[in-house]
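Here it is: the structure, laid out below.
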Amino acid sequence: MNANTAIVVEGIAKSYGNFRAVDDLTFDVRCGEIFALLGPNGSGKTTTIRMILDILKPDAGQIAVLGAAITDSTKERIGYLPEERGLYQGVPVIDIMIYLGRLKGMPEHQARKHSMELLDRLELAEHAKKKIGELSKGMQQKIQFAVTVLHQPELIIIDEPFSGLDPINTLVIKALLKEMRNNGIAIVMSTHQMNQVEEMADRMLMIHQGRQQLYGAVDDIRKQYALHAIVVEGEGDWAALPGVESVSANENERNGTLLQLAETATPDDILGAIAASPDYRIERFERAVPSLNEIFIRVVEEQK
Amino acid sequence: MNKTLVIAKREYLYNFRRPAFLFAAFGIPLLLIVVFAIVGFALSKSDDVTTLKAIGYVDEAGVLTAEAETLELFSAYADEDSARAALDADVLDGYFVLPPDYMQTGHIRLVSDRNLPESLDEEINTLLLTHLTAQVDVAMPLERIIQPVDMRVHVLESDRILTEDAVFGILIVPFVFPFIMFMAVQLTGGFLISSISEEKVGRVLEMLITSVTPMQLLLGKIIGLGLLGLTQLLFWLAMGGIFLLFRPESALLEGLVLPVDLVLIGLLYFVLIYSLQASLMASIGAIMSSEQEGRQIAGILSVIMMIPFFVLVTFLQNPNGTIPVILTLIPFTAPLSAILRIGISNPPLWQIVLSLILLAAATFVVVVGAARIFRWSLLMTGKRPTPREIVRLVRGEQTPIVRSIQE
């Protein structure tokens with residue numbers, strides 16, 4: 001195994017009775033990357049995470065985490081924020097952080113020091129002595145996040161990281177995650193929010209009904225699904241342009257007009273033709289690369 | 001520090017500060033002591049003959065001779081009219097009349113316009129005895145006539161010599177001790193259920209899942225709350241001891257201090273039955289979706305533990321009979337049965353040893369099973385397993401997780 005690999009999953013499968021939750025998954029997660037685990041509800045994301053964390057045993061296949069099969073001491077190097085998460089309501093913030101830090105094997109003084117630093121960073125230092133229940137929902141979520149990274153894990157696994165977070169807190173958490181990624185930490189985020197993946201993730205695995213659908217660098221996957229077409233906004237008779245085969249409304253969330261190109265035409269040719277003619281006014285010009293959402297829907301449709 | 005101990009420490013300190021614990025552990029005994037002290041004080045006041053000014057008497061029977069010394073409290077009156085006048089003038093608190101036929105009937109008539117202390121009877125008794133014995137020529141101390149018996153009981157098994165009151169003390173231990181134990185198990189078991197419910201409902205459990213194993217979590221809770229129960233138990237015992245120290249006239253203490261062996265065996269039973277009950281309650285807390293449901297089932301468990309008290313008469317009549325022996329061997333009823341029997345009789349050692357072994361084995365099985373149920377409960381919320389699934393869980397099969405986590 002490569003020293004830069006945080007997780008190696010080989011051919012894992014898990015069934016619940018007759019229901020095959022995860023079927024022959026193989027992938028790896030590298031240090032210093034944000035890896036997205038994508039899929040609709042019930043696709044097997046949480047089961048996969050639970051197998052990685054040794055909460056469930058796979059029926060088949062192998063998993064290595066931080067260099068070897070997972071042990072209790074490996075778990076202390078992992079930060080895990082489950083989708084179902086919460087904290088003791090009646091306990092002061094700092095107490096709960098120290099307690100959970102100690103359960104991750106930190107000495108008390110270190111847990112206290114790191115907690116205060118993190119609270120400072122998350123602009124929650126003044127609330128350290130307040131009880132969890134006295135904080136707003138957004139603050140509580142930031143504390144949950146803080147608890148997850150308190151012990152400076154080498155691998156962070158977050159299930160639906162931004163669910164329920166307001167836009168400002170989302171930005172704060174995103175910045176922190178990117179910073180940790182840049183410091184060489186491996187981050188796995190499981191989500192069904194495709195736009196988050198496009199923005200944050202370096203690589204991704206899309207699963208549907210427990211099986212791998214797409215796997216690789218996010219940019220590569222999008223390019224792989226790119227059409228031989230461009231999307232434009234502006235004024236002019238698009239169909240009259242040389243090299244344009246057909247014109248249609250761009251049927252996705254980003255609007256514009258979709259120009260299907262002839263096999264021999266390139267986007268550069270079209271741009272050149274538009275620039276050369278006074279009959280066109282252009283506001284937007286881009287390659288028709290589908291969003292992950294579109295790719296996702298296409299993949300699911302193809303399955304049917 | 002070991003993670004189990006970190007959890008135990010947190011559970012202990014967190015629950016120690018709960019008002020429910022503070023009240024049960026410290027409030028109730030303090031309240032009882034205050035109530036006893038007030039009642040005791042009031043009783044002793046109203047029963048104190050030294051608060052009386054004087055009691056008069058009219059001796060129409062000619063019994064109270066001048067030769068015997070008359071107690072200071074009493075003063076003689078020639079006839080009832082003068083005694084009555086003294087009572088009306090508030091010189092006397094009351095007077096009594098010995099009618100002419102007193103020697104035949106023993107009747108005396110006490111006259112007063114207020115409540116007189118009960119112990120006045122004793123004073124009058126002593127007065128009459130003093131005077132009557134002065135008229136009979138017997139060569140024996142007056143004390144022997146007044147109190148012919150002052151018994152000391154020699155307990156052969158322990159070679160201890162006890163006064164009568166102390167014998168009562170040694171009998172009361174087997175009853176009081178299990179009761180306090182029951183209270184402690186109940187209270188801390190209840191805390192265990194609410195602690196687990198809180199973590200489950202508050203979605204804390206899954207946050208802990210990569211930090212600790214279910215067994216560490218379970219043991220940490222059981223140890224922390226067990227120590228809490230023990231704290232309560234010891235405080236109650238200490239308060240009981242202090243209470244008796246302040247009432248030195250009560251020889252009860254003598255009996256209470258004696259059965260050290262009984263207390264030690266009791267503590268051993270406490271630790272085992274508590275672990276058994278706590279693990280069961282933890283499982284219940286993990287399975288049930290609400291704290292209230294959990295507590296109801298836990299209540300039924302406690303009733304089972306109390307069965308020996310329901311058949312107490314059988315224990316008292318024949319402590320080594322079939323039913324007490326069977327109940328001593330059944331893990332749930334073993335602690336109460338064994339303590340009752342050790343307190344009131346001398347059960348065969350093998351029965352106690354076997355009872356402890358069976359209880360320890362049952363505790364071990366339940367703790368392991370509870371950890372499995374607990375582990376499973378980490379993975380689901382809001383759903384309840386069927387009895388068949390619980391059996392499969394305890395046997396270590398993973399299948400029941402099926403329904404719970406199809407995301």
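In this text, all values refer to a predicted model and were calculated from it rather than measured experimentally. As a basis for the values below, the full set of heavy atoms in this structure was taken, side chains included, without hydrogen atoms, waters or symmetry mates.
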Toward chain B, the part of A:Gln144 with a non-hydrogen atom under 4.5 Å: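 Its backbone and side chain both get close to chain B.
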Decide yes or no for A:Val147 and A:Leu81: does some side-chain heavy atom of the first lie under 4.5 Å from some side-chain heavy atom of the second? no
Is it the backbone or the side chain of A:Asp95 that comes under 4.5 Å from a heavy atom of chain B, or both, or neither? neither
Checking the side chain of A:Arg85 only, and the main-chain atoms of A:Asp159 only, is there a donor and an acceptor separated by less than 3.5 Å? yes
Can you tell me which portion of B:Ile7 sits under 4.5 Å from chain A's heavy atoms? Options are side chain, backbone, both or neither.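 Backbone plus side chain of B:Ile7, per the 4.5 Å heavy-atom cut-off to chain A.
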May I ask you to check whether A:Lys104 and B:Thr210 show a side-chain donor-acceptor distance below 3.5 Å? yes
Would you say that A:Leu87 contacts A:Leu100 through its side chain, given a criterion of any heavy-atom pair below 4.5 Å between the two side chains? yes
